[in-house]
Amino acid sequence: MSNYLRIAQDGLWSNNIVFAQVLGMCPTMAVTGSATNGLGMGLCTTLVLVCANLLVSMIRQAVTEAIRIPVFIVIIATLVTLLDMMMNAWAHALYQVLGLYIALIVANCAVLGRSEAFASKNGVVASTLDGLFMGLGFTFALTLIGAIRELIGNGTLFADAHLLLGSSFAFLETQVIPDYKGFLLMILPPGAFFALGFLLALKRWIDQRQQARQGIQAVPAAALGGGGCH
Amino acid sequence: MNWQRLHGYLSYQSLMLGAVVLVTCAALGWAAQRTHDPILAAEAQDLRNNLSRVLPHGSYDNDLLQTRAQIDGPEGPLDVYRATLQGKPVAAIFAVHGRGYAGDIEVLLAISPEGALLGARVLKHKETPGLGDKIDVEKNPWITRFQGLSLGNPPVERWAVKKDGGDFDQFAGATITPRAVVKEIREGLEFFASHRQQLFGETLAAGESQ
Amino acid sequence: MSETSVVHGPHAHAGPSLRRMMLEVILALLPATLYGFSQYGWPALFLFLTCVLCGLIIEALCLRLQKRPLRALGDGSALLSCWLLALSLPPWAPWWVALVGALLAIGLVKQLFGGLGQNLFNPAMAARVILLIAFPVEMTRWVQPLALGSLPAPGFLESLQITFGGAQTDAYSSATLLGHVKTELSRGTLLSDALADIYRPLQALLGERAGSMGESSSLLLALGGCFLLARRVITWQAPLGLTLGLALPALVMYLIDPLRYASPLYHLLSGGFMLTLWFIVTDPVTCPASAAGRLLFGLLCGVLIYLIRTYGSYPEAVAFALLLMNAATPLIDRYLRPRIYGRNRQGAALQPFNRRAP
């Protein structure tokens with residue numbers, strides 16, 4: 001049981017795709033102009049991650065070393081294409097917001113990374129849980145970055161949430177700072193770098209404090225410093 | 001079955017890869033078939049929504065999507081939709097393009113047979129949020145200012161932003177975007193003036209014969 | 001090689017301290033600053049004070065956070081950065097522009113990169129660019145100069161309203177020369193018509209025109225720059241490179257088509273060029289170390305200014321060009337290294353003088 005707890009903790013915090021692995025930088029930078037967009041992208045990626053991990057762990061015994069990468073990428077690409085078509089057909093309003101970025105999930109190396117690093121070595125239940133929590137951690141990171149950028153850039157939070165989650169979620173849409181002038185830069189691409197930089201620093205600070213409190217020697221920051229792809 | 005024993009065969013690897021590709025392709029083919037009609041319906045609905053944004057509800061009674069026709073526009077083929085009310089032509093609807101501050105701005109125009117602008121809406125743009133995006137009616141009612149105007153009203157030389165000596169407001173901090181939109185709409189009206197027959201096609205003749 | 005010889009260690013001692021250098025730069029800026037106050041009145045003074053004060057407080061906070069001695073505040077570097085930033089802001093901008101600017105310049109661009117000497121970008125110019133992108137409306141609202149105390153100029157209380165109260169200043173607003181020309185050219189007006197009633201070289205030289213404080217008087221800025229040159233606080237390579245880099249392309253294009261391209265003099269006397277020429281490209285931290293490197297830096301910076309001013313969508317290009325070149329500085333430093341004391345350009349040790357030939 002503690003094994004599953006560990007998977008959850010890894011995905012949500014200690015080995016978070018964005019804050020610890022620094023992977024999936026393309027959607028992290030491109031789709032986090034608002035909290036809603038970050039949330040939508042995160043949820044789509046979570047869906048793909050769960051399905052990909054499930055399928056890969058199911059066929060992991062049958063796939064050999066030599067062909068595992070093409071097999072994994074074909075599976076991931078298929079899942080993403082399916083998601084793309086289904087959203088286009090049955091969630092058209094959402095598709096118009098996120099459509100451009102759905103295809104990019106294929107290029108998110110965090111998805112292939114989880115298949116390769118976890119699902120191909122672990123059982124079905126553990127892999128599915130890993131996909132779920134990695135995805136939720138990714139969603140958390142994207143929503144947080146989106147919220148920071150939206151708040152500073154626009155003074156709002158979860159604007160247009162009804163497009164993503166349906167009109168019953170319109171209550172999420174808040175004007176946090178009335179008559180806000182707007183700090184354009186945070187909505188433009190540089191804002192993503194600023195927000196991510198400060199959040200990375202914040203996570204390290206929290207981790208260091210925690211370690212200091214537990215009296216453990218600070219682990220050399222191996223998790224950081226590895227550059228992401230895309 | 002002992003998978004490990006089979007791993008050594010080269011043929012097993014190719015067959016395995018082939019099988020995976022076959023299964024995924026089958027899944028994709030099935031999904032494409034299932035989603036084909038809903039996607040077309042969603043896109044049609046989308047187009048219908050866009051078209052209805054430039055014309056008030058109830059001012060026409062035909063299905064605009066059925067009236068689609070292609071004519072030679074200023075930049076290649078141009079899709080035109082014709083709105084009618086009880087058979088009489090109400091408006092020709094077509095899109096114009098122009099270059100804004102950050103890229104293409106697509107504006108949908110509805111023009112009455114008399115040449116008056118019934119409605120204009122920005123369909124697509126990449127203008128700076130908070131500045132140039134005020135051309136979007138959801139951000140700012142600026143574009144509704146054009147409703148009812150035509151080439152003679154105001155005179156052609158006053159079809160410009162105020163900074164350029166025209167009639168239309170620019171936005172604080174952004175001149176290029178509204179300038180581009182004003183120019184686009186003016187060019188759209190000019191195109192209408194010179195292609196009125198083509199734009200209305202059969203419907204004009206039908207309307208006049210009644 | 002068994003014969004050993006005694007040579008003096010390569011130690012050099014220079015008199016002026018960092019603090020002294022900073023103070024001399026500030027002294028050089030003083031005439032232009034005072035003139036700026038007299039041109040744009042009380043609001044300019046308030047904005048300037050806000051900017052400098054906020055900058056010093058933020059520097060102190062950053063030093064505290066890093067548990068470094070507050071003594072470092074006295075080196076004058078934060079004061080100078082904020083001074084330069086204040087000179088490049090629209091003089092009647094609201095107070096929060098100065099506050100955010102100081103936060104960006106000192107907190108983000110300087111201290112986050114490691115403090116004095118570690119910053120990759122010039123704090124004042126980087127903050128200015130970020131402000132321009134973030135607040136395009138406030139950062140492009142310029143006013144005609146109204147001499148302090150003259151009738152149309154706002155009084156003390158009215159000025160407090162302008163800087164701190166958010167009073168509307170549209171009645172006084174005016175375009176800068178570069179902005180005006182850009183707008184006119186984009187409408188298809190000929191350059192000579194666009195310049196007809198706004199551009200007078202003498203006026204540009206003296207500084208009686210719309211712009212930021214640091215864009216006004218080319219003459220006083222040049223005076224300060226010459227003082228720094230004479231005091232050897234700055235070197236001549238980067239300013240020369242910058243002048244050539246801007247003036248040569250301008251001259252070539254002007255000779256080809258004087259109706260569409262402005263004269264070199266127009267480029268040299270307008271915008272933030274003079275401030276950049278004497279006080280920004282001469283920054284020892286963010287510019288290359290070797291003499292050849294500084295010349296190249298200035299040259300490329302000038303060419304970029306010309307290109308962005310002529311073909312870009314922003315009328316003023318100095319800050320953008322400078323940031324791009326700041327980013328290229330490590331590369332320039334890699335290829336054009338200063339000679340190490342006691343070694344030749346290839347890095348081999350020089351023959352000591354007192355060693356006899358074998």
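Letters A, B, ... are given to chains in the order of the sequence lines, protein chains preceding strands, and every chain is numbered from 1. Atom set for the values below is all heavy atoms of this structure, side chains included, hydrogens, waters and symmetry mates excluded.
- Within residues 73-85 of chain A, the residues having any heavy atom under 4.5 Å from a heavy atom of chain B are, by residue number, A:Val74, A:Ile75, A:Thr78, A:Thr81, A:Leu82, A:Met85.
- With a 4.5 angstrom heavy-atom cutoff, B:Ala41 does not touch chain A via any of its atoms.
- The environment of B:Glu157 atom CD is dense: over 12 non-hydrogen atoms of other residues, nucleotides or ligands sit within 6.0 angstrom.
- Atom CE of A:Met87 is separated from atom OG1 of B:Thr35 by 13.0 Å, given to the nearest 0.5 angstrom.
- At most 12 heavy atoms of other shown residues, nucleotides or ligands fall within 6.0 angstrom of atom CH2 in B:Trp30.
- Side-chain contact between A:Thr64 and B:Met16 is absent, with no heavy-atom pair separated by less than 4.5 Å.
- The environment of CZ in B:Arg34 is sparse: at most 12 heavy-atom neighbours from other residues, nucleotides or ligands sit within 6.0 Å.
- Summarising the geometry, atom CD belonging to A:Glu65 is positioned 10.0 Å from atom CD belonging to B:Gln13; distances are rounded to the nearest 0.5 Å.
- Here B:Glu43 contributes atom CD and A:Asn88 contributes atom CG; the two are 5.5 Å apart, rounded to the nearest 0.5 Å.
- For the set B:Val21, B:Val20, B:Thr24, the count of heavy-atom pairs under 4.5 angstrom toward chain A peaks at B:Thr24.
- Taking CG of B:Asp46 as the start and OH of A:Tyr95 as the end, the distance is 11.5 Å to the nearest 0.5 Å.
- For the pair B:Tyr12 (side chain) and A:Ala62 (backbone), a donor-acceptor distance under 3.5 Å is present.
- For the residue pair B:Ala42 and A:Ala89, the shortest heavy atom distance occurs at CB-O, 4.2 Å.
- For B:Asp37, no part sits under 4.5 Å from any heavy atom of chain A, backbone or side chain.
- Between the NE2 atom in A:His92 and the CG atom in B:Asn49 there is a gap of 9.0 Å [rounded to 0.5 Å].
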